[in-house]
There are 2 protein chains.
Amino acid sequence: MTIAEVSEKYDLTQDTLRYYERIGLIPHVNRNKSGIRDYTEEDCRWVEFIKCMRNAGLPIEALIEYVTLFKQGAETIGARKELLTEQRKQLIQRMVDMQKTLERLNYKIESYEQSVVKKEKELKRAEE
Amino acid sequence: MTIAEVSEKYDLTQDTLRYYERIGLIPHVNRNKSGIRDYTEEDCRWVEFIKCMRNAGLPIEALIEYVTLFKQGAETIGARKELLTEQRKQLIQRMVDMQKTLERLNYKIESYEQSVVKKEKELKRAEE
DNA sequence: ATATCACCTGGAGTTAACTCCAGGTCAAGT
DNA sequence: ACTTGACCTGGAGTTAACTCCAGGTGATAT
C-alpha cells in the first residue's frame with residue numbers, strides 16, 4: 001500500500017505517518033527500490049492500533065515504549081502487559097472525570113432550557 | 001481567600017490561576033488595597049467549574065467564549081446553551097472513542113495474561 | 001531599619017504533538 | 001529531452017496550554 005492510500009484509509013496526513021515512523025511510534029516501513037514506502041498488512045495494523053490509542057488520549061511516549069518493547073521480542077511480554085495495564089488505569093480515570101463533567105453539562109443545559117422557556121414566556125406576555 | 005488557598009484547594013498552581021485570569025478563562029478577581037488577589041465564593045465556584053471542564057478536555061478557547069458570553073448577561077443564555085450542547089456532543093464522542101479503546105486494551109491485556117501463563121508453564125517444564 | 005516573604009506584572013520559555021518547507025529523486029506522460 | 005507529480009529526507013515552524021522568570025511592592029518579623 002502506498003502512503004497516500006494509508007493516509008486516506010486511516011485519516012492521518014502523510015506528514016503524520018512519516019512523523020510516527022520517524023519517532024518510532026510505528027515500526028520501520030520498507031521502501032521499494034526507488035525509496036518509496038510500501039506498507040504491508042502488518043504496517044497497516046500498527047497504524048490502525050496507534051490511531052485508536054491516540055484517539056483515546058494515550059501519550060505518544062508510552063506508545064513508543066510499547067513499540068520498542070514489542071521489537072525486543074517475547075522477553076518483554078510482561079513489561080508490555082504492565083505498560084498497557086497502567087495506561088488502562090489512567091484511561092479509566094479520565095473516563096470517570098469525563099462522566100462527572102458530562103452529568104454536570106447535562107444539568108447545566110437543562111437549566112438553560114428552563115431559562116430559555118421562561119424568557120420566551122416573558123416575551124409572549126409582553127406581546128399580549 | 002488568598003491565591004495560595006485557592007491554589008491548594010483546587011490543586012492548580014498560582015501561575016495557572018493567574019494565567020486563567022489573564023486570558024479571561026475566569027472573570028477578573030478583585031485585589032485588596034495592596035494589590036493582592038482576594039477570591040470571593042463566586043470566584044472559587046468559577047475556578048472549580050473551569051477545573052472540572054478542563055479535566056474533561058474541553059478546550060480553553062470554548063471556555064473563554066463561555067465566560068465572555070456569561071459576562072454579557074442574560075441576552076446570551078441561548079448562545080451559552082448552544083455552546084455547552086456542542087461541547088457536550090464532542091465530549092460524548094471522545095467518551096465513545098475511549099470506550100472502544102478500553103475494550104481493546106482489556107482484550108489485549110487478557111491475551112498477554114495468557115502468554116505470561118504459557119511462558120511460566122514453559123519455564124516450569126524446563127525446570128523439570 | 002532592614003531583611004524576609006508572599007504576591008504582583010508583563011513577557012519569555014517549555015512541552016507535546018504535530019505540520020510545513022526546501023531541496024532532491026524518480027517514474028511517467030508529451 | 002523535458003516537465004510534472006508523488007514521494008523522499010532532515011530540519012524548522014506552529015499551536016495549545018501552561019510554566020518560569022526578572023524586577024518590583026507591601027506587610028511582617030528581628
Side-chain angles (χ1 to χ4, degrees), chain A residues 1-26 28-40 43-44 46-47 49-68 87 90-91 94 97-98 101, chain B residues 1-26 28-40 43-44 46-47 49-68 87 90-91 94 97-98 101:
Chain A
M1 251 189 161
T2 69
I3 195 170
E5 286 161 351
V6 176
S7 166
E8 166 82 9
K9 183 163 180 193
Y10 298 106
D11 193 31
L12 293 167
T13 70
Q14 299 191 13
D15 267 317
T16 300
L17 286 168
R18 282 191 282 258
Y19 165 69
Y20 280 178
E21 189 181 338
R22 225 187 327 192
I23 63 175
L25 187 47
I26 53 175
H28 181 80
V29 174
N30 277 335
R31 319 291 145 114
N32 63 22
K33 48 282 168 218
S34 45
I36 289 176
R37 283 172 183 79
D38 184 15
Y39 289 79
T40 64
D43 292 332
C44 288
W46 270 109
V47 170
F49 172 69
I50 291 299
K51 163 139 209 211
C52 175
M53 295 298 134
R54 288 292 302 130
N55 269 358
L58 273 73
I60 280 190
E61 230 194 292
L63 294 170
I64 289 177
E65 203 188 327
Y66 180 75
V67 175
T68 307
Q87 290 304 318
Q90 295 184 22
L91 177 59
R94 286 198 298 276
D97 286 351
M98 289 165 91
T101 304
Chain B
M1 253 191 160
T2 69
I3 194 170
E5 287 161 349
V6 176
S7 167
E8 167 83 9
K9 183 163 181 193
Y10 298 106
D11 191 31
L12 292 167
T13 70
Q14 299 190 15
D15 266 316
T16 300
L17 286 168
R18 282 191 281 258
Y19 165 69
Y20 280 177
E21 188 181 340
R22 227 190 321 196
I23 63 173
L25 187 47
I26 53 175
H28 181 81
V29 174
N30 277 335
R31 319 291 145 113
N32 64 21
K33 47 280 169 221
S34 46
I36 290 176
R37 283 173 183 77
D38 184 15
Y39 289 78
T40 65
D43 292 332
C44 289
W46 270 109
V47 169
F49 171 70
I50 291 298
K51 163 138 209 213
C52 174
M53 296 298 134
R54 288 291 303 130
N55 269 357
L58 272 73
I60 281 190
E61 230 195 291
L63 294 169
I64 290 178
E65 204 187 327
Y66 180 75
V67 175
T68 307
Q87 291 303 319
Q90 295 184 23
L91 177 60
R94 285 197 300 275
D97 286 350
M98 288 164 91
T101 303

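Throughout, a chain's letter reflects where its sequence line sits, starting with A, and its residues are numbered from 1.
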Partner residues of [X] under the side chain to side chain donor-acceptor pair (under 3.5 Å) criterion, sequence neighbours left out:
| X | value |
| --- | --- |
| B:Asn30 | none |
| B:Asn32 | B:Ser34 |
| A:Arg22 | none |
| A:Thr40 | A:Asp43 |

Looking at every strand, decide which applies to B:Ile23 at a 4.0 Å heavy-atom threshold: base, sugar-phosphate, or nothing.
nothing
Taking only residues two or more places apart in sequence or in another chain, which ones pass ring pair (Phe, Tyr, Trp, His ring centres under 6.0 Å) with A:Tyr66?
A:Phe49
Under 4.0 Å: is that the gap between some side-chain N or O of A:Gln14 and OP1 or OP2 of D:dA6?
no
Starting at CG of B:Asn30 and ending at P of C:dC8, how long is that distance when rounded to a whole Å?
13 Å
Rounding to an integer number of Å, can you tell me how far A:Ile3 CD1 sits from D:dG5 C1'?
15 Å
So if I define the base as every atom that isn't primed, P, OP1 or OP2, how would nucleotides 9-21 of chain C read as a B/S/- string at a heavy-atom cutoff under 4.0 Å?
BBB----SBBBB-
side-chain contact (heavy atoms from CB on, under 4.5 Å) with B:Gln14: which residues, sequence neighbours excluded?
B:Ile3, B:Ala4, B:Ser7, B:Arg18
Candidate list B:Thr16, B:Ile64, B:Val47, B:Leu17, test side chain to side chain contact (heavy atoms under 4.5 Å, CB included), partner B:Leu25, passing option:
B:Ile64
Who passes salt bridge (charged side-chain N to carboxylate O under 4.0 Å, His left out) against A:Arg37, sequence neighbours left out?
A:Glu21
Would you tabulate the pairs of protein nitrogen or oxygen atoms and nucleotide nitrogen or oxygen atoms of nucleotides 24-30 of chain D closer than 3.5 angstrom?
none

